Amino acid sequence: MAGRLQDKVAIVTGAGQGIGAAIARAYAAEGAQVVVAELRPETGRAVAAQIGGLFVATDVTVQADVEGCAAATQERFGRIDILVNNAGANVFHRPHEMPRSEWARCMALDLEACWAMTEAVLPAMRAQGAGAVVNIASCHGFQIIPHTFPYPVAKHGLIGMTRALGIEYAAEGIRVNAIAPGYVDTEIAQAYWAGFDDPAAERRKAERLHPPGRIGRPEEVAMTAVFLGSDEAPFVNAETIVIDGGRSALFHD
Ligand SMILES: NC(=O)c1ccc[n+]([C@@H]2O[C@H](COP(=O)([O-])OP(=O)(O)OC[C@H]3O[C@@H](n4cnc5c(N)ncnc54)[C@H](O)[C@@H]3O)[C@@H](O)[C@H]2O)c1
């Protein structure tokens, strides 16, 4: 089935690589006009060129960039139907060893920027009486892995924000949902494993944690992002869909 996002205009943040790039590609394949809102011009431009999208250099933690991205989208396409808040980074520490600046960096990118981007697209969505926001949260939004502070605090917050904004704007036709992936095979995960003495062993450990015996693929997150952004999910709101092969349902084996 193609054309599930036909004529929709979507902004995908952090779409230069990983999950964001997979979402941008899937959205374009389903007929959406995609704005690649990415910090790194080289990767952002490349993805936009591949999919015939619009690259807008955007640091989602900078308010002027956030507003500029929404304005550039409006100027080019005249509407904003979908926002995917995907840009994020692992900020992992033992709490008592963490410099306070790391708390601020994590909250700015993994939580506050998602609100800033949403705030910037709300006027268009409210005027249209329709819109969908898809927040890329994480299993860290429900469960805790030691020594990864304060990333799970931000992702718990993002799921809370999804519910709060979903309720707030439901009557105006705007849906706000989230996706909580488990391990997904992207640069962010590879960089995490690279921090261990034996990265390959760490990867195998992550694979074994998931009942299917593997970790997720960016395209698998993208398929759910297509569903949530599309008209196939008109009554799905303020919800978080977990994509982890069943890992979070497992007590132990
Ligand atoms: N990979 C996983 O295992 C995993 C699991 C759960 C959740 N997530 C979440 O999925 C999202 C994407 O993760 P990924 O694995 O694709 O990461 P990634 O590091 O591969 O890609 C992140 C992208 O965001 C961009 N970015 C970073 N800071 C930015 C900023 N300030 N403004 C704009 N763009 C910025 C980067 O340049 C990069 O292109 C993140 O929110 C992450 O927390 C990832």
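As the structure is a prediction and not an experimental result, all values here were calculated from the model. Numbers here simply count residues along the sequence, with the first being 1. First listed ligand is number 1; within each ligand, the first listed atom is number 1.
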To the closest 0.5 Å, what do you measure between CG (L83) and OG1 (T13)? 6.5 Å
For the residue pair Y192 and Y183, categorise the inter-ring angle as parallel (less than 30°), tilted (30 to 60°) or perpendicular (more than 60°). tilted
Qualifying ring-ring contact (aromatic ring centres under 6.0 Å, His included) pairs, either residue in residues 229-253, two or more places apart: none
Show the atoms of ligand 1 that are less than 4.0 angstrom away from any heavy atom in E187. 20 (O)
The side-chain hydrogen bond (donor to acceptor under 3.5 Å, both in side chains) partners of Q74 (sequence neighbours excluded) come to none
More than 12 heavy atoms of other groups within 6.0 Å of R76 CZ: no
May I ask you to check if ligand 1 and S138 share an N or O to N or O distance below 3.5 Å? no
Between T148 and N90: side-chain donor-acceptor atoms closer than 3.5 Å: no
Hey, does I19 come in under 3.5 Å of ligand 1, counting only N/O atoms on both sides? yes
Does a side chain donor of either N135 or T162 reach within less than 3.5 Å of an acceptor in the other side chain? yes
Can a non-hydrogen atom of A137 be found less than 4.0 Å from any atom of ligand 1? yes
Heavy atom of the protein closest to atom 18 (P) of ligand 1 (residue, atom name, distance): Q17 NE2, 3.3 Å
With heavy atoms of R40 as the reference, note each atom of ligand 1 found under 4.0 Å away. 37 (O)
Ligand-side contact atoms (ligand 1) for residue partner Y183, heavy atom cut-off under 4.0 Å: 3 (O)
Can you tell me how far apart OG (S138) and CD1 (I188) are? Round to the nearest 0.5 Å. 9.0 Å
Is I136 in contact with ligand 1, taking contact as a heavy-atom separation below 4.0 Å? yes
Going by atom types alone, do D185 and Q190 pair a side-chain donor with an acceptor below 3.5 Å? yes
V60, any N or O under 3.5 Å of ligand 1 N or O: yes
Taking the non-hydrogen atoms of H140, is any one of them nearer than 4.0 angstrom to ligand 1? no
Using heavy atoms and a 4.0 Å limit, tell me yes or no: is G182 in contact with ligand 1? yes
Measuring from the heavy atoms of Y151, does anything fall under 4.0 Å of ligand 1? yes
For D59, the atoms of ligand 1 under 4.0 Å from one of its heavy atoms are 30 (C), 31 (N), 32 (N)
Winner among V12, N86, V184 once heavy atoms are compared against atom 11 (C) of ligand 1: N86
Is T43 near ligand 1, meaning one of its heavy atoms is under 4.0 Å from it? no
Check each atom of ligand 1 against the heavy atoms of T58 and keep those under 4.0 Å away; list them by number with element. 32 (N), 33 (C)
Counting only heavy atoms not in R105, do more than 12 fall under 6.0 Å of its CZ? yes
So how far is it from I11 CD1 to N86 CG, rounded to the nearest 0.5 Å? 13.0 Å
Could you tell me if the ring centre of F92 sits under 6.0 Å from that of F149? no
Shortest protein contact, atom 34 (N) of ligand 1 (heavy atom only): L39 N, 3.4 Å
Polar-atom distance check: E38 versus ligand 1, any N or O pair below 3.5 Å? yes
Among A89, G18, G88, closest by heavy atom to atom 22 (C) of ligand 1 is G88
